[in-house]
Amino acid sequence: MGRRPGQNRVNARELVLDGLLTIEREQEYSHVVTGGILDKYNYLEAREKAFIKRLIEGTLERRITLDYAIDSVSSVPVRRMKPLIRELMRMSGYQILFMDAVPDSAVCNEAVRLAQQRGFCSLKGFVNGVLRSLCRNRDRIVWPDREQDRETYLSVRYSMPCWLIAKWDREQGRERTEEILEGLLAARPVTVRIRDGLTDRHREAVREEMEQAGIGIRESGLLPCAWHLEKTEGMRNIPAFEAGLFTVQDIGSMLAVEAAGIGPDAFVIDVCAAPGGKTMFAAQKAYRGQVLARDSSERRLALLEETRSRLGAENVMLEQWDGTVFDETKRGWADVVLVDAPCSGLGVIGRKRDIKYRMTEENIGTLAALQKQILEQAQQYVKRGGVLLYSTCTISRAENEDVRKWFLDRFPFRAESLAPYLPKAVREETISEGYVQLLPGIYESDGFFIARFVRE
C-alpha cells in the first residue's frame, strides 16, 4: 500500500466499513463521507482510493439487491442484524457478487477479521458461514419473477425502492421507467467544464496533465466545453485544476445555463447558488456583467468562495440570503434569475446513491412547496423582458411540470422555446414549450429538469 514514511498503515475495507456506518448512523450524505475519506487518506495509491470509492458507492447502490441475496442464504434477515454486522455483510456481499477481481477467500477472511476486531468474536462463525454460502450459491439464487411481480423484480434487479418505481410508472410510463432505472445504474464518468477562451495549446496542456495523472478523457459531442473523465481519484492534485482551468459540472447543469441565454453584459442573480457550477458558468457568459450568488447556508457559501477564488471569477458577488425572503432592493434588477431549487435529487441517484433510501413522497410534497416559495420571491427580481430559468436535478412531476404550470398560472411570465439555446442534438418533444426533462444517461447527463420563463 502506498504511503509516506511515518504514516500509519490503514486497511481499505475498514475505512469502507466506517464510512458505511457513518452514512447509516449519522445520516450523512454518501458523497460527503466518501470525499472526506479520500481527502484524509490522499496519500494512498490510486488503486486503493479507487477500491474504497467503488466499494462504498457500490454497496450503497446495490443495497436492495444485496439484502435479497444475503437473505437467501442467511438464517437471520439482514434487517435484523446488528448495524456493524449488517454493513459488513453488505460490503462483503458486494465484493462477492459484483467485483470479480477480488478473491472470495480474501473477502470472507477479511470480514471475519473485521468482525472479531470490532468486538463481535461470537459472530465470526455466522459471518464466515453466510458469506461462504453466498460464494457457493451465487449462481443458484432464485430472483423475483418479472411476469409474476414486475415491481419487486425491478426493485431487486435495479436496487430501487418499490414506491419510486410505482411513481415513475405513473408519471413516465413503464418503458421510460426502465430506461431511468438502467440509466441510474450505468457507469457514470465525471464531467468537467473546461474554461472558455483557452487556446488549443492550453487545452492540449490540460489534456496532457490529466493523462499523466492516469485520467481517461473523452470530449463531449454535445458541448465543446464538456469533457467526460474516468479514473479521477487524483484529479484535484493536478496544476490545471488548482489554476482553475476546469471545474466539475454535469452536462445537465451546463445546459441549464445555456438555456438561460445569458449575454456578456447581463446582471444575473443566482438565488440558490451553492455549490456554484451554474454560478461560475453564468459568470463566464456575463464576462462584462455581474453575478450575484446567494445561498442560505454559510457553510455552502464558504465552499462557493473556494470555487470562485480558484476559478478567478471576479464578477461574482457572494451573499448569504434565504431564497424564501424577498429583497426589495433587487426588485426588477436582473436580466436573468437562476433558480436551481432544492429538490428530491432523484435524477442524481447514480452519483448520490443514498438518496433513494432517504426520500419519501411526503418529502417531495414539502420540497415542492418550498420551490414555489422561492419562485414567488425570485420572480420579482426579473426585469421586464428578462428571463427566469428554473431547474432541478430530479425526475418528479410534483417538483417539475406541476411547479412550472403553477408558476405560469400565477405570474406575468410566458414560456419560451429552448430551441435557440440548446444544442440541436437535444431532441425532446417539449423543447418548443419551453421546458425539458432530461433522463439519466440519455445525453450523458444526470436526470435534470429545465424550464425557461420570460417576464411579459
Side-chain angles (χ1 to χ4, degrees), residues 171-172 252-273 278-279 281-282 285-286 289-292 294 323-324 326-328 330-343 347 367-439 443 445 447-456:
E171 298 179 359
Q172 303 292 333
S253 174
M254 295 184 213
L255 290 176
V257 178
E258 295 284 356
I262 299 168
D265 299 300
F267 179 74
V268 181
I269 299 179
D270 189 347
V271 299
C272 305
K278 294 180 194 65
T279 298
F281 197 14
K285 301 279 189 185
Q290 187 179 55
V291 177
L292 173 60
R294 288 176 158 177
T324 64
F326 179 58
D327 179 3
E328 181 64 43
K330 298 296 183 291
R331 182 187 293 274
W333 268 39
D335 300 291
V336 176
V337 171
L338 302 178
V339 182
D340 185 48
C343 70
L367 286 163
L370 175 61
Q371 290 151 7
K372 292 172 182 177
Q373 278 187 278
I374 293 171
L375 282 169
E376 185 171 3
Q377 308 310 321
Q379 59 87 20
Q380 299 179 77
Y381 304 140
V382 183
K383 64 174 57 172
R384 184 180 301 175
V387 172
L388 188 148
L389 197 289
Y390 176 69
S391 61
T392 72
C393 58
T394 195
I395 310 165
S396 168
R397 184 175 294 164
E399 300 172 81
N400 294 340
E401 292 90 343
D402 290 354
V403 169
R404 173 182 176 273
K405 183 180 184 303
W406 171 89
F407 185 81
L408 288 171
D409 287 345
R410 281 163 177 76
F411 302 106
F413 285 77
R414 59 181 168 82
E416 187 174 59
S417 173
L418 299 176
Y421 307 101
L422 297 183
K424 287 186 171 60
V426 180
R427 305 176 187 274
E428 298 295 317
E429 293 179 0
T430 59
I431 282 181
S432 61
E433 300 174 50
Y435 74 98
V436 63
Q437 173 71 74
L438 304 176
L439 297 183
Y443 300 102
S445 161
F448 221 89
F449 182 82
I450 302 168
R452 178 183 167 94
F453 308 104
V454 177
R455 180 177 282 280
E456 300 282 18

Q: Under 3.5 Å, side chain of Arg452 to main-chain N/O of Ser417, donor-acceptor pair present?
A: no

Q: Please tell me if the side chains of Ile431 and Tyr421 come closer than 4.5 Å, counting only heavy atoms from C-beta onward.
A: no

Q: Can a donor-acceptor pair be found, under 3.5 Å and without considering hydrogens, that links the side chain of Gln380 to the backbone of Asp327?
A: no

Q: Counting only heavy atoms from other residues, nucleotides and ligands, does the tally under 6.0 Å from CD of Glu456 exceed 12?
A: yes

Q: Do Gln377 side-chain atoms and Ile374 backbone N/O form a donor-acceptor pair below 3.5 Å?
A: no

Q: May I ask you to decide if Tyr435's main-chain N or O and Thr430's side chain share a donor-acceptor pair within less than 3.5 Å?
A: yes

Q: Which label fits Trp333 and Phe267: parallel for a plane angle under 30°, tilted from 30 to 60°, or perpendicular past 60°?
A: perpendicular

Q: Okay, side chain of Asn400, backbone of Thr394: is any donor-acceptor separation there less than 3.5 Å?
A: yes

Q: Please identify which of these residues, Leu338, Thr279, Leu292, meets the side-chain contact (heavy atoms from CB on, under 4.5 Å) condition with Val268.
A: Leu338

Q: Side chains of Gln172 and Arg397: any donor to acceptor distance under 3.5 Å?
A: no

Q: Is the side chain of Arg455 donor-acceptor paired with the backbone N or O of Phe411 at a distance under 3.5 Å, no angle test?
A: no

Q: Is the side chain of Gln290 donor-acceptor paired with the backbone N or O of Ala266 at a distance under 3.5 Å, no angle test?
A: no

Q: Does the side-chain contact (heavy atoms from CB on, under 4.5 Å) test come out yes or no for Gln371 and Trp406, once each step is laid out?
A: CA-CA 11 Å; Gln371 290 151 7; Trp406 171 89; over 6 Å; no

Q: Taking the side chain as everything from C-beta on, heavy atoms only, tell me whether Arg294 gets closer than 4.5 Å to Lys330.
A: yes

Q: Got a salt bridge between Glu401 and Arg404, using NZ or NE/NH1/NH2 to carboxylate O under 4.0 Å?
A: no

Q: What's the shortest heavy-atom distance between Ala259 and Leu418, and which atoms?
A: CB-CD2, 3.9 Å

Q: Could you walk me through whether Leu375 and Leu388 pass the side-chain contact (heavy atoms from CB on, under 4.5 Å) test, one step at a time?
A: CA-CA 9 Å; Leu375 282 169; Leu388 188 148; 3.7 Å; yes

Q: If you count every heavy atom of other residues, nucleotides or ligands that lies below 6.0 Å from Arg414 atom CZ, does the total exceed 12?
A: yes

Q: Show the nearest heavy-atom pair for residues Ile262 and Ala286, with the distance to one decimal.
A: CG2-CB, 3.8 Å

Q: If you take the centroid of each ring, where Trp contributes its six-membered ring, are Phe453 and Tyr390 closer together than 6.0 Å?
A: no

